*Asks:* 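Take a look at the following structure, please.
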Amino acid sequence: MNLILLGPPGAGKGTQAKRLEQAHGLVQLATGDMLRAETASGSGLGRRIKAVMDSGALVSDEIVIEVIETRIAGSDAKNGVILDGFPRTIPQAEALDAMLARHELKLDRVILMEVDEAALIDRLAGRFSCRSCGASYHERYNRPKQGGRCDVCGAFEFVYRPDDKPEAVARRFAVYREQTAPILPYYEAKGILSRIDGMAEIDEVTRQIEAVIAR
Ligand code: AMP
């Protein structure tokens, strides 16, 4: 099973993708995480894309498509993937179709997490993640259960993203409306787009996603 989780920044795609990974043995392919790993590596490419990412703009289609294709071609993707944060533009959606065809894979569902923009800004403002395993948390809505210790791996260090600053958040929403939202009709026309309520409680959102997958 191959899925896309779509939705604006802060919709909870990463949180739900991690749950789907565990429940179904799928692999989460999050382009944001891959690009952040590239910037952390200090490579030439990493240095070039860091400023773009920190500002909230999109990295070029060419770079992102190359990054994702390497992973889709990898053996761990054979049991199915959850694409999180990709595609984000029409050219990326078209490139995805072509690469899936090349690897004889099929896209089963595109799940749109519908959310309220004002509430999302509030969500983004407080979020952080485990430095070692990437599990995501929120200062008000989803704190680690045991004080400052990651629920998943037990590590004690957490990180905040530079692009969760208010100016970058505003830019990311504008980019979503202008460049990413236009891909919705693309998937609607293929009859594989399902909408769920991304504002519900985390467990309820998972339940809705599971209901879509079971159909
Ligand atoms: P995310 O973690 O998905 O919110 O992505 C963080 C940032 O990485 C975005 O604001 C973009 O700068 C970059 N990025 C992630 N995925 C893509 C993509 N599919 N296309 C272009 N840029 C991306």
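Just so we're clear, the structure is a prediction, and the values are computed from it rather than from any experiment.
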*Asks:* Side chains of T39 and R47 only: does a donor on one sit below 3.5 Å from an acceptor on the other?
*Replies:* no

*Asks:* Side chains of E201 and Y141: any donor to acceptor distance under 3.5 Å?
*Replies:* no

*Asks:* Just by distance, no angles: are the side chains of T206 and Q16 close enough, under 3.5 Å, to form a donor-acceptor pair?
*Replies:* yes

*Asks:* For E117, does the CD atom have more than 12 heavy-atom neighbours from other residues, nucleotides or ligands under 6.0 Å away?
*Replies:* yes

*Asks:* Could you grab the distance from atom CD1 of I183 to atom CG of L6, nearest 0.5 Å is fine?
*Replies:* 4.5 Å

*Asks:* Just checking, is any N or O donor in the side chain of T15 or S136 under 3.5 Å from an acceptor N or O on the other one?
*Replies:* yes

*Asks:* Got a sec, which pairs hit salt bridge (Lys or Arg N to Asp or Glu O under 4.0 Å) with one end in residues 84-97, sequence neighbours left out?
*Replies:* D97-K190

*Asks:* CD1/I65 to OG1/T70 distance, rounded to the nearest 0.5 angstrom?
*Replies:* 11.5 Å

*Asks:* Which distance, rounded to the nearest 0.5 Å, do you find between the CG of D151 and the CG of N142?
*Replies:* 7.5 Å

*Asks:* Might you confirm whether atom CD of Q22 has over 12 heavy atoms from other residues, nucleotides or ligands at distances under 6.0 Å?
*Replies:* no

*Asks:* Going by the ring pair (Phe, Tyr, Trp, His ring centres under 6.0 Å) test, which pairs reach into residues 167-213, not counting sequence neighbours?
*Replies:* none

*Asks:* Look at atom CD of E204 and say whether more than 12 heavy atoms of other residues, nucleotides or ligands are closer to it than 6.0 Å.
*Replies:* yes

*Asks:* Please walk me through it: do E188 and R195 pass salt bridge (charged side-chain N to carboxylate O under 4.0 Å, His left out)?
*Replies:* CA-CA 10 Å; E188 208 143 34; R195 296 164 194 270; 2.8 Å; yes

